[in-house]
Every structure is written in C-alpha cells, then in structure tokens.
2 protein chains.
Amino acid sequence: MPPEVEGGETTERVLQILSTSARLFATTGYDGTSMRDIALACGISKSLLYHHFADKDEIFARITLGSTRELVQFVESRLPEGAAPSLRIRAFMAATGEYFQRYRWAWIASTTAFWNDPQQRRQTERMLWRDRYEGLIRRLIEEAIAAGEIRPLDVPLAGRLVLSALNWMHRWHKPDQGMPAPEVAEAYFDMIFHGLKR
Amino acid sequence: MPPEVEGGETTERVLQILSTSARLFATTGYDGTSMRDIALACGISKSLLYHHFADKDEIFARITLGSTRELVQFVESRLPEGAAPSLRIRAFMAATGEYFQRYRWAWIASTTAFWNDPQQRRQTERMLWRDRYEGLIRRLIEEAIAAGEIRPLDVPLAGRLVLSALNWMHRWHKPDQGMPAPEVAEAYFDMIFHGLKR
C-alpha cells in the first residue's frame, strides 16, 4: 500500500499490517483470513493488531478503498498535460501497469473482493473512485476523437476494452518475470490504437 | 450447464443441481455455499443430493471443469472451416461471447474460483482445457500473420489482449441489458483488428 493511503495516521506499523493483510486476502481470500492470521503473519500480538484496527473489515476496507483511490490519483498525476490525447491514453495505461506492479497484493485483494464485499457502504465509496477512473479513460478517448486521432466509435465499449486488458493482467502476469507490467500496458496500447491488421 | 457436460449420467435432476449450484457458487463463493444451501435451493432433501454427488467438491469440479471443456469444444465447433484467419478469430470471439451468455453462472463460478480451487488435481485438468483454448487463439493469430492479414507482433500478448476483453465481460455485462454478449465480442474484434486510430 502506498504511504499516502490514509493521510496522517499511517505509521510504519500500520503500513506493515496493511501490506501483509493485502497479501493474505489476495492469496487466501477474505473469508479465509482471520485477525489471528494477520497478527501471526505480522509477528505482532492480537492486542497490538486490535489497537490499530477495530476488526478485519476495517483493514479490508482500507486496502480496497485506499488502493482504488490511490490508483486514480496516481494515474491522474501521470497524464502529460497538453500532450496529444492518444499519448495521454498511453500514459493512462502505462501508469496503471506501474501501479499494479507496485501494489500487486492490494490490487488482487481489491479485484477478487468484487463479488462479496462485506461492507456495502464502503463498497459504494470505492465504486465512486472506480467510476471516476472509468470516466477518465472515456474522457481521454472522447478527446482523441474530437482531435481526429481516433475514429468515431462506441466510447464506453472502447474504454472497457482498455480497462479489460489492464484489469486481467493480475491473472497471468508474474512479478519479476517477462515484460514489466508498464511495458505490457504500452504494448497493449500499441495493439489497440494501431490495430492488429497489417 | 450444457447437457453434454458429463456424457451418460446427466439426468434432468443432475442438470438442475449443477445449474443451481453454479448460481450459488457464483454469487456467494465456494466457501459461502454448503451442501445444505444447495439442497434447499434445489428444493430437494440432503440425502437425495448426496445420492447424486459425494460432496461439494465434486459438484464444484464438475461445473468448473465441465464449463471450461465445453467452452473449448463449443468454440472449436463454431470456427468456419476454410475461412480467412481473421474471420476465424472473429468467430472465436463471438462464440465465446455466446457461450458466456448461455452459461453465465457456471462461467462466473469457474472464473472466480481461480485463486483457491479446492482440488488441485481437478484444477490441473481444467487448466489443460484452458491452455488448449489459449493455444487456439494463438494459432489463429499466427495463421493470420502467415496469411498477411495481421502484422508481425507478439502473438502470446495479442492472444492475451483478445482473451482479456472476453474474460472481463462477466464483471460488467448484464444479461438482457444493452448489447448481447456475442455482439460485444464482435465489436471488440473490430476495435482490436482495425484499431481505434482514425
């Protein structure tokens, strides 16, 4: 998890708990992970864990909401201002690949939690960030159409194509193996923008 | 689940159990679904359920293995023989969209089971079918390159782009709403093959 996740109160200890929990949630699922497992994996007592977090839900919500919000802010900060819309789309994709690579466990914990998030309200706030992320890629595609770089097409569907490519990476991409994730994202941009056609 | 799933012993009752279980696994997860839940949802006794299936694992493995194998066989049967490779790629994508639409719950149960399949050996057999499916799209892309329809490029990555678009559909596509899944798949083919570029 990035240090900026929750403003003030992110001590080293809290960061350690969040990153360890993210790995546990990602590998054994929300239901398969207990507060005891988290304390054990962090090498701390359960009482110290409860000093920082009221329950498993709180840790989980902070990881999933935090990583979604941070993704959006990270990607927005990486868009080159004043550049051609197509280059901004490329930067959007590369930044997502980089974020995925850096915070892989939080990413996987968040994406696999999609179907049964324990806290509906927290899910809702996360979805607002998710919508903002999806809104951003659609706006970039619209700008590219307006600039004559992209042909007129179904913008929401084109946005989904871009996001599908990025969102599916966690299912096959192995860290420290093969092409780094940001390069994969750029190769995807090249294929989608120029097409596979000879 | 399609009737061909397991050859001989697929009675109406078994099909009902499989399709009901698929919906339960898809919506509440493997861990969140018990044999009691399945019996209740099917409106049958637990003893009748156990007459057909030894345990939850058996039901689950039959859904996930069965739906993966059937997907491959269905898609293979839909490829137009002797057609241009690009048209065969388009048919591959449309057939996957159709299969997804028909057996949505089994699809979702299978895909969300990725991280913690309870039976490693059954997972292995399913992965063989998954590899055959991925091998098929790669071969079609290679044929399109050899035929001069697609430019020389990273074939495994191009295959992943196609599969990512299809595999992510279950996360946003709503049945009986908007564009049918096979049409979405064809629109994706058009975007990927021709590119977004003007």
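A, B, ... follow the sequence lines: proteins, then strands. Residue 1 opens every chain. When reading the values below, keep in mind they use all heavy atoms of this one structure, side chains included, and skip hydrogens, waters and symmetry mates.
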task = Output the distance between atom CZ (A/Arg171) and atom CZ (B/Arg160), rounded to the nearest 0.5 Å.
result = 13.0 Å
Verify the cluster assignment for [X] and [Y]: are they in a single hydrophobic cluster under the rule of side-chain heavy atoms below 4.5 Å apart?
{"X": "A/Leu157", "Y": "A/Val155", "value": "yes"}
{"X": "A/Leu40", "Y": "A/Ile59", "value": "no"}
{"X": "A/Leu128", "Y": "B/Trp172", "value": "no"}
{"X": "B/Ile38", "Y": "B/Leu48", "value": "yes"}
{"X": "B/Ile89", "Y": "B/Leu87", "value": "no"}

note = Taking a cut-off of under 4.5 angstrom between non-hydrogen atoms, the residues of residues 136-154 of chain B near chain A are B/Gly148, B/Glu149, B/Ile150, B/Arg151, B/Pro152, B/Leu153, B/Asp154
request  = Sort by residue number and list every member of residues 184-198 of chain B having a non-hydrogen atom under 4.5 Å from chain A.
outcome  = B/Val184, B/Ala187, B/Tyr188, B/Asp190, B/Met191, B/Ile192, B/Phe193, B/His194, B/Gly195, B/Leu196, B/Lys197, B/Arg198
Residues which pass side-chain hydrogen bond (donor to acceptor under 3.5 Å, both in side chains) with B/Ser21, listed by chain and number, not counting sequence neighbours = none
remark   = Residues B/Ala165 and A/Ser164: closest non-hydrogen pair is CA-CB, 3.8 Å
request  = Measure A/Met179 against the heavy atoms of chain B and call it side chain, backbone, both or neither at under 4.5 Å.
outcome  = side chain
query = Of all residues at least two apart in sequence or in a different chain, which pass the salt bridge (Lys or Arg N to Asp or Glu O under 4.0 Å) check with B/Arg13?
reply = none
